[in-house]
Amino acid sequence: MDSGGRGREPSRVGEIEEIRIPGPSTGLSTDGYVYLPPQYFQAEYAERKFPAVIVLTGFPGDAKNLITRLNYPGTALQLMTGGRMQPTVLVLMRPSPALPADSECEDIPGGVRSETYFAKDVPRVLAASYRISTGPKAWGMVGNSTGGYCALKLTMRHPEVFPAGVSISGYYRAAEDVSTGDLFKGSQQRRNEADLMWRLKSLPGPPVAVMLAGSREGDGDYQRDTDAFEAAVRPPMTVATASVPTGGHNFQTWTRLLPPALEFLSQHLAP
């Protein structure tokens, strides 16, 4: 699929819009894209509100790569045409609205509130601008690398917003390096809460469904850490996995994992 199928009939291929997403409660904003499925433009769906999925890149990332390198819209269109995915709006974004800093989707004490931006501002603004449902099972998240960590963490922290999330080649504890700065301002409790293994072992399980997707070989400690996470999940949380035998931490691996990721989200969302 070309960049949004521009020049083609939206009721057949859907449409991509480049947007800027403000954050009324946080003061943050970032550029991104919205992919509207073909059904959005079809007469029989004129009164329908659709589920939506926030799609995040790695850090620092470029939201356009979600179209040109990973082709989320084209993959979604193929799955919807084949009846393997319900009509869904995709919101394509970077994982940090505070560039050049990497906020790891955290609300930083005295600083940027990226968690609130993604969990509150983005769904609210998009639902006010498009025919997107505001129901309790309407929104999902998926991302790769840093975006995968964010998708998993925000799903676990905000089950009332995101009933399902997919982490593709993600990790399970917030990065802390020169790009993040001091995320937790000396608070070990906040650091613990950003550690997803700590959450599984120390807090009640959230009522969400997650998928862990990645390469079994070629991506460092990914498989070892993922096996440990999967083993620690307890009801009512559920976990599924998808993998490729080898591939590593790259666009080629992630592209191969998009179909099972989007199918999984579609099965757990309702408009």
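Along the sequence shown, the residues carry numbers beginning at 1.
For the residue pair Gln189 / Glu193, a side-chain donor-acceptor distance below 3.5 Å is found, with atom types taken as modelled. A donor-acceptor contact under 3.5 angstrom links the side chains of Thr226 and Tyr172, judged on distance only. With 3.5 Å as the limit, one finds a donor-acceptor pair spanning the side chains of Thr146 and Tyr171. For the 3.5 Å distance criterion, the side chains of Thr57 and Arg94 fail to qualify, holding no donor opposite an acceptor.
When each of Leu66, Val125, Leu126 is tested with Val91 by the rule side-chain contact (heavy atoms from CB on, under 4.5 Å), just one qualifies, namely Leu126.
Environment of CD in Gln223: crowded, with over 12 heavy atoms of neighbouring residues, nucleotides or ligands closer than 6.0 Å. Atom CZ of Arg216 has more than 12 neighbouring heavy atoms from other residues, nucleotides or ligands inside a 6.0 Å radius.
For the pair Asp227 and Arg224, the salt-bridge criterion is not met [side-chain N within less than 4.0 Å of a carboxylate O]. Using a 4.0 Å cut-off between a side-chain N of Lys or Arg and a carboxylate O of Asp or Glu, Glu176 and Arg191 qualify as a salt bridge. With respect to the salt-bridge test (charged N to carboxylate O, under 4.0 angstrom), the residues Glu104 and Lys153 do not qualify.
Hydrophobic clustering of Ile, Leu, Val, Met, Phe, Trp and Tyr side chains at less than 4.5 Å, counting indirect connections, unites Val142 with Ile67.
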Next item on the list: Might you work through the ring-ring contact (aromatic ring centres under 6.0 Å, His included) test for Tyr40 and Tyr45, ending with a clear yes or no?
Entry: CA-CA 6 Å; Tyr40 195 91; Tyr45 289 87; over 10 Å; no
Next item on the list: Take Val55 and Leu70 through the test side-chain contact (heavy atoms from CB on, under 4.5 Å) and record every step on the way to the result.
Entry: CA-CA 11 Å; Val55 183; Leu70 290 175; over 6 Å; no
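The aromatic rings of Phe264 and His268 sit tilted, their planes meeting at an angle between 30° and 60°.
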